[in-house]
There are 2 protein chains.
Amino acid sequence: MEAAKRRGAAWLEAGGVRATRQRVALAALLVGDGEHRHVTAESLFETARAHGEKVSLATIYNTLRAFTEAGILREITVDGGKSHFDTDTSNHAHFYWEDTGELADVRERAAAGDVEVRNLPAPPEGARIAGVDVVIRLRRA
Amino acid sequence: MEAAKRRGAAWLEAGGVRATRQRVALAALLVGDGEHRHVTAESLFETARAHGEKVSLATIYNTLRAFTEAGILREITVDGGKSHFDTDTSNHAHFYWEDTGELADVRERAAAGDVEVRNLPAPPEGARIAGVDVVIRLRRA
DNA sequence: TTAAGTGCAAATTATTTGCAGTAAG
DNA sequence: CTTACTGCAAATAATTTGCACTTAA
């Protein structure tokens, strides 16, 4: 419990965001166990309530956005309205289940190594590449 | 003008969707010139109005969805609420301008060839890969 | 103390839907 | 004919915002 909060606080500090009561609670839920995870505003809201944390949905939205802007969360865009956020901010591919809307990391690596994007084009004049999103859409067989 | 309609009609037929007046008009705008293009519901609506076509926004939405389900359009998901649709249904990478929300094909190929995703993982048990989306997010330098 | 964060509820934005009328096969 | 499509307006879903209040630094 305490380890989770400590980890969360360190994470907040890394992002240079103010450590309020609700942010510390959310941070603990997000990175408290050292595992990476994917959340949506709604899912994090449920989790928070389940843990007895008193945080409004609006604050969850504001907070997820603040964390993303601070660079400690990464927004993953897939179909289906909802925004997903990933505690792993490094470039990595995702599986997306089209039927349930669930998002999962591509953990298992193929025989030859990690998923990688080859032959990335040069960015157009006056632009830089902010990131590369790779989403593998899955359908039940 | 006629060539555009002919092309549009053929395209509709390829998808096996009913050729109504508004669909033929939209198809002509989408693929009439043989070029691929990206549209949003809103942008297609504007284009249609600009060409004097009488089509409601709701129908644009329904139609884009119908075309996508028929496999003659591909939905591209990027940040920012709006859904984009691409007349090029093949797997190909996109540039996404974060500031304007514009979408562009990666046309220019790097020295070594086309953009490609290497070491694609095997899909989880009971799933098949429905598609792979590669979005290169661009920020003004 | 003071700028930033929080929580409502109301507002926005993108998209879908119910249903009566219209048209394609 | 008959089923699918169209258009409007109303409904929904996700997210944002205005504003008075609280709190971290």
Side-chain angles (χ1 to χ4, degrees), chain A residues 5 8-30 38-46 48-49 52-70 72-73 75-85 100-103, chain B residues 5 8-13 15-29 38-46 48-49 52-70 72-73 75-85 100-103:
Chain A
K5 273 200 180 164
W11 185 66
L12 292 179
E13 187 160 19
V17 300
R18 205 149 146 177
T20 66
R21 193 200 84 230
Q22 0 325 54
R23 286 182 177 183
V24 172
L26 295 177
L29 292 172
L30 286 168
H38 303 113
V39 301
T40 62
E42 203 63 41
S43 80
L44 182 56
F45 183 57
E46 301 302 343
R49 304 204 92 253
E53 301 292 353
K54 216 168 66 60
V55 189
S56 79
L57 185 54
T59 293
I60 301 256
Y61 274 107
N62 292 328
T63 299
L64 287 174
R65 194 138 306 289
F67 288 0
T68 301
E69 262 147 35
I72 53 180
L73 273 189
E75 189 169 3
I76 307 292
T77 305
V78 287
D79 323 273
K82 290 193 210 288
S83 284
H84 294 250
F85 297 85
T100 62
E102 253 173 308
L103 201 60
Chain B
K5 272 200 181 166
W11 186 65
L12 292 179
E13 186 159 19
V17 300
R18 205 149 146 176
T20 67
R21 194 201 84 230
Q22 4 319 59
R23 285 181 179 182
V24 172
L26 295 177
L29 292 172
H38 304 112
V39 301
T40 61
E42 203 63 42
S43 81
L44 183 55
F45 183 57
E46 301 302 343
R49 304 206 92 252
E53 300 293 351
K54 215 169 64 60
V55 188
S56 78
L57 186 54
T59 293
I60 301 256
Y61 273 107
N62 293 328
T63 299
L64 287 174
R65 195 140 304 291
F67 289 180
T68 301
E69 262 145 36
I72 54 181
L73 273 188
E75 188 170 2
I76 307 291
T77 304
V78 287
D79 323 274
K82 289 193 210 290
S83 284
H84 295 250
F85 297 85
T100 62
E102 252 173 307
L103 201 60

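Hydrogens, waters and symmetry mates are skipped; everything else that's a heavy atom, side chains included, is used.
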What's the NZ-P distance between K82(B) and dT16(C), to the nearest Å?
14 Å

If each of V17(A) and E75(B) is mapped to the nucleotide of DNA chain C with the nearest heavy atom, which maps nearer the 5' terminus, i.e. the 5' end?
V17(A)

Could you tell me the separation between the CG atom of L12(A) and the P atom of dT23(D), rounded to a whole number of Å?
18 Å

Among the nucleotides dC8(D), dT15(D), dA14(D), which one has an atom lying closest to any side-chain atom of S56(B)?
dC8(D)

Which residue lies more 5' along DNA chain C, comparing R21(B) with I60(A) via nearest heavy atoms:
I60(A)

Could you state the CD1-P distance from I76(A) to dA14(D), rounded to the nearest angstrom?
19 Å

What are the two closest heavy atoms between V17(B) and A70(B), and how far apart are they?
CG1-CB, 3.5 Å

Apply the side chain to side chain contact (heavy atoms under 4.5 Å, CB included) test between F85(B) and each candidate in L44(B), I76(B), V39(B); give the one that qualifies.
V39(B)

Among dG7(D), dT6(D), dA24(D), which is the nearest nucleotide to the side chain of T63(B)?
dT6(D)

Between E42(A) and T40(A), do the side chains contain a donor N or O and an acceptor N or O under 3.5 Å apart?
no

Can you name the closest pair of heavy atoms from L26(A) and A48(A) and give their distance?
CD2-CB, 4.2 Å

Report the C-alpha distance between W11(A) and L30(A) in whole Å, list the side-chain angles of each, state the deciding distance to 0.1 Å, and finish with yes or no for side-chain contact (heavy atoms from CB on, under 4.5 Å).
CA-CA 10 Å; W11(A) 185 66; L30(A) 286 168; 3.8 Å; yes

Atom pairs, protein N/O to nucleotides 1-3 of chain C N/O, distance under 3.5 Å:
none

Over 12 foreign heavy atoms within 6.0 Å of CD, E13(A)
no

Show me the donor-acceptor pairs within less than 3.5 Å that the side chains of residues 52-59 of chain A make with the rest of the protein, sequence neighbours left out.
residue : atom : partner : partner atom : Å
S56(A)  : OG   : T59(A)  : N            : 3.1
S56(A)  : OG   : T59(A)  : OG1          : 3.1

What is the distance, to the nearest angstrom, from the CG atom on N62(A) to the C1' atom on dT16(D)?
8 Å

Evaluate the side-chain contact (heavy atoms from CB on, under 4.5 Å) criterion for residues L64(B) and I60(B): first the C-alpha distance (whole Å), next the side-chain angles of each, then the deciding distance (0.1 Å), finally the verdict.
CA-CA 6 Å; L64(B) 287 174; I60(B) 301 256; 3.9 Å; yes

Respond yes when some side-chain nitrogen or oxygen of Y61(B) is under 4.0 Å from OP1 or OP2 of dT16(C), and no when none is.
no

Are any of T20(A)'s side-chain N or O atoms less than 4.0 Å away from OP1 or OP2 of dA4(C)?
no

Have a look at A66(A) and say if it touches a base, only the backbone sugar-phosphate, or nothing, with a 4.0 Å heavy-atom cut-off.
nothing

Pull out every residue in residues 38-46 of chain A that has a heavy atom closer than 4.0 Å to any atom of DNA chain D, ordered by number, or say none.
none

Please state how far atom CD in E69(B) lies from atom C1' in dC5(D), giving the value in whole angstrom units.
14 Å

d(CZ, R49(A); P, dG7(C)) in whole Å
12 Å

So, is R23(A) close to the dA24(D) phosphate, meaning a side-chain N or O under 4.0 Å from OP1 or OP2?
no

Roughly, in whole Å, what's the span from CZ in R65(B) to C1' in dA14(C)?
11 Å

Could you state the atom-to-atom distance from CG of L26(A) to P of dT6(C) in whole Å?
8 Å

Of the options dG7(C), dT15(C), dT17(C), whose atoms approach the side-chain atoms of Q22(A) most closely?
dG7(C)

Can you figure out which of dT17(D), dT15(D), dA14(D) approaches the side chain of S83(A) most closely?
dT15(D)

Backbone N/O of T63(A) and side chain of R23(A): donor-acceptor pair under 3.5 Å
no

Taking atom types as modelled, find out whether S83(B) and E75(B) have a side-chain donor-acceptor pair closer than 3.5 angstrom.
yes

